[in-house]
Amino acid sequence: MTISEYIFELIQRRGMTQKEFSERTGISQSAISDWKRKKTNPVSEKILIICETLGITPEELLSGVEQNDGRRKPDDYFVVGKNSELGDIIEQYNKLDQISRSRLMGYIEALGIRKQEDQENNT
């Protein structure tokens, strides 16, 4: 099964129309129709928005293997939109030198420990 065939299957399973999928992803209806008619796949720049719209991971889309059987290994990566709050955090983190990154990680770990202690004290 090609990537585009899998996308059409998922669109159908989600009870979505191609028009609705087009509106949610910002991909033109003609491009989506081309996938079916010309047996082509979407461009790589559209994979993340397609996955977000269909509620799947890029790994699932590209492999065609559904990941809800309870047997798959946990993901060792995150998919984060560049224009999201986490995307902004990652962008700022990447601008830091190594010493600043270490300090930031120490601060984040301290916040996590403090939050855990607060939760334990409130129970």
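This chain uses plain numbering: 1 for the first residue, then up along the sequence.
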OG1 of Thr53 to CD1 of Ile11, rounded to nearest 0.5 Å, is 9.0 Å
d(Lys36 NZ, Ser4 OG) to nearest 0.5 Å is 9.5 Å
Interatomic distance, OH@Tyr6 vs CG@Leu62, rounded to 0.5 Å, equals 10.5 Å
Rounded to the nearest 0.5 angstrom, the CD-CG distance for Glu5 and Leu10 is 12.0 Å
List the atom pairs, with distances to 0.1 Å, where a side-chain N or O of residues 82-95 and a protein N or O form a donor-acceptor pair under 3.5 Å, not counting sequence neighbours.
from  : atom 1 : to    : atom 2 : distance (Å)
Ser84 : OG     : Gly81 : O      : 2.7
Ser84 : OG     : Gly87 : N      : 3.0
Asn94 : ND2    : Ile90 : O      : 3.4

May I have the step-by-step check of side-chain contact (heavy atoms from CB on, under 4.5 Å) for Leu54 and Met16, ending in yes or no? CA-CA 10 Å; Leu54 296 174; Met16 232 184 279; 4.1 Å; yes
Distance col, row Leu61:CG vs Ile3:CD1, nearest 0.5 angstrom, shows 5.5 Å
Residue set satisfying side chain to side chain contact (heavy atoms under 4.5 Å, CB included) with Ile99, at least two apart, ordered chain then number -> Asp97, Arg103
Throw together a table of side-chain donor-acceptor distances under 3.5 angstrom for residues 45-52, partners on residues two or more places apart or in other chains.
none

The side chain to side chain contact (heavy atoms under 4.5 Å, CB included) partners of Ile108 (sequence neighbours excluded) come to Leu104, Met105
Gly55 and Arg14 have their tightest heavy-atom pair at O-NH2, 4.3 Å
Residue set satisfying side chain to side chain contact (heavy atoms under 4.5 Å, CB included) with Thr40, at least two apart, ordered chain then number -> Trp35, Lys38
Please list every donor-acceptor pair under 3.5 Å in which a side-chain atom of residues 24-31 meets a protein atom from a residue at least two apart or in another chain.
from  : atom 1 : to    : atom 2 : distance (Å)
Arg24 : NE     : Glu20 : OE2    : 3.4
Arg24 : NH2    : Glu20 : OE2    : 2.7
Thr25 : OG1    : Phe21 : O      : 2.8
Thr25 : OG1    : Ser22 : O      : 3.4
Thr25 : OG1    : Ile27 : N      : 3.2
Ser28 : OG     : Ser30 : OG     : 3.2
Ser28 : OG     : Ala31 : N      : 3.1

